[in-house]
Amino acid sequence: MNTAITELLGIEYPIIQGGMAWVADYHLASAVSNAGGLGIIAAGGASAEFVREQIRKTKELCDKPFGVNIMLMNPEADKIAEVVVEEGVKVVTTGAGNPSKYMEKWKNSGIKVIPVVASVAMAKMMERCGADAVVAEGTESGGHIGETTTMSLVPQVVDAVKIPVIAAGGIGDGRGVAAAFMLGANAVQMGTAFLITDECNIHENYKKKVIKAKDIDTKVTGRTTGHPVRTLRNKMTKEYLEMESKGATLEKLELLTLGGLKKAVVDGDIENGSVMAGQIAGLVNTEGTCEELLRRLMSEMTDCVCKMSTVLGY
Ligand code: TUI
């Protein structure tokens, strides 16, 4: 399948694995890229040297294109922005902030830059700064989120910019991929569905919680602090939301989530940790390899388009 994004990135399928902090390591990224999608290493809150190591390990396992996601709230973001240049990374995505100050250096190094945006205004600004594409991420996503749904955001971003648009948020199977194309996207980025792949090295408790989740099992903490984060509901979200509704201080709220993602991903503490996942977790329950996931998505997407053609009488 050829789209503006498969052409831009030199990949086989228009499917990008999201840069999930603590989750998306060299193992997952190389598996996705080897299977024909775009694998992404998440810098998350890690150090620049850790990210350098992850890049080198990915190169050992995979000679196809892969990317690095830089979470811009990371205190080492400046250093990581250098590391991706030094290591010759071909694709950089960014999240949770504005990457304008790095753009010139990255573009001069030939890096394809794809900021994740949650609004039309940010998409337009990124296009003006020289972004090669944008990920329009709806509020259905897991982790740090914006306000607007994928269904509303994607077509508005598509109309507002000339660069290719990648849809993200709430996409978990081939029907979601087809829907994203219908909205004018040229590819999709998915996170939650990759959490339960064989090559995803998260704690088994985390995977089980994603598989068991129902449609209404995510909660958004931090709406009052300006840093809304979507996770699967548990003891932590219950306490957080109770404290938040009583007007607890930022310091007290932050204490409750400090190190929470690592707690869930590494230690398997799915009651006190932050089990980040999107609203589509209720649909995501098929385990298997990344290659199987990509093939299934493409075949479901084709079936979906064929079914629609039949319904329309073409
Ligand atoms: O970045 C994400 N999702 C994330 S990052 C993350 S790590 C984390 N861990 C604990 C607490 C908080 C974060 C987990 N999930 N998605 C991409 C995304 N970016 N969504 C929304 C945005 C965004 C928000 C504001 C992009 C730009 C922006 O601009 C603000 C500005 O500076 O003008």
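Computed from a predicted structure; not experimentally measured. Computed from heavy atoms alone, side chains included, the values below leave out hydrogens, waters and symmetry copies. Atoms within a ligand are numbered from 1 in the order they appear, just like the ligands themselves.
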Trainee: Between Lys59 and Glu87 (salt bridge meaning N to carboxylate O under 4.0 Å), is one present in this structure?
Mentor: yes
Trainee: Which of the numbered atoms in ligand 1 are under 4.0 angstrom from any heavy atom belonging to Met276?
Mentor: 9 (N), 10 (C), 14 (C)
Trainee: Is any side-chain heavy atom of Met236 less than 4.5 Å from a side-chain heavy atom of Thr231?
Mentor: yes
Trainee: I need the nearest protein heavy-atom contact for atom 24 (C) of ligand 1: residue, atom name and distance, please.
Mentor: His144 NE2, 4.0 Å
Trainee: At a 4.0 Å threshold, what atoms of ligand 1 neighbour a non-hydrogen atom of Gly143?
Mentor: 14 (C), 15 (N)
Trainee: Side chains of Asn69 and Thr93 only: does a donor on one sit below 3.5 Å from an acceptor on the other?
Mentor: yes
Trainee: Look at atom 33 (O) of ligand 1 and say which protein heavy atom is nearest, naming residue and atom and giving the distance to 0.1 Å.
Mentor: Met122 CE, 3.3 Å
Trainee: Report the nearest protein non-hydrogen atom to atom 25 (C) of ligand 1: residue, atom name, distance rounded to 0.1 Å.
Mentor: Gly97 N, 4.1 Å
Trainee: Does Asp217 come within less than 4.0 Å of Lys212, counting only side-chain N to carboxylate O?
Mentor: no
Trainee: Using the side chain to side chain donor-acceptor pair (under 3.5 Å) definition, which of the options Thr218, Thr192, Thr150 pairs with Glu140?
Mentor: Thr150
Trainee: How far is atom 17 (C) of ligand 1 from the closest protein heavy atom, and which atom is that?
Mentor: Val116 CG1, 3.3 Å
Trainee: Looking at Lys235 and Glu239, does any basic side-chain N land under 4.0 Å from a carboxylate oxygen?
Mentor: yes
Trainee: Below 3.5 angstrom, do we get any N/O pair linking Gly146 and ligand 1?
Mentor: no
Trainee: Just need the protein heavy atom nearest to atom 22 (C) of ligand 1, so name the residue and atom and give the distance.
Mentor: Ala96 N, 3.7 Å
Trainee: Go through the structure and list residues passing side chain to side chain donor-acceptor pair (under 3.5 Å) with Arg223, not counting sequence neighbours.
Mentor: none
Trainee: Which heavy atom of the protein is the closest neighbour of atom 11 (C) of ligand 1, given with residue, atom name and distance?
Mentor: Val229 CG2, 4.0 Å
Trainee: For ligand 1, which atoms, with element, lie under 4.0 Å from some heavy atom of Met71?
Mentor: 5 (S), 7 (S)
Trainee: For Met20, which part has a heavy atom under 4.0 Å from ligand 1: side chain, backbone, both, or neither?
Mentor: neither
Trainee: Answer yes or no: is there an ion pair linking Glu242 with Lys238, defined by an N-O contact shorter than 4.0 Å?
Mentor: yes
Trainee: Just need the protein heavy atom nearest to atom 20 (N) of ligand 1, so name the residue and atom and give the distance.
Mentor: Glu137 OE2, 3.2 Å
Trainee: What atoms in ligand 1 come closer than 4.0 Å to a heavy atom of Asn98?
Mentor: 32 (O)
Trainee: Charged N to carboxylate O below 4.0 Å: is that the case for Arg295 and Glu291?
Mentor: yes
Trainee: Considering only the protein, which heavy-atom contact is closest to atom 13 (C) of ligand 1, and what is its distance?
Mentor: Met73 CE, 3.9 Å
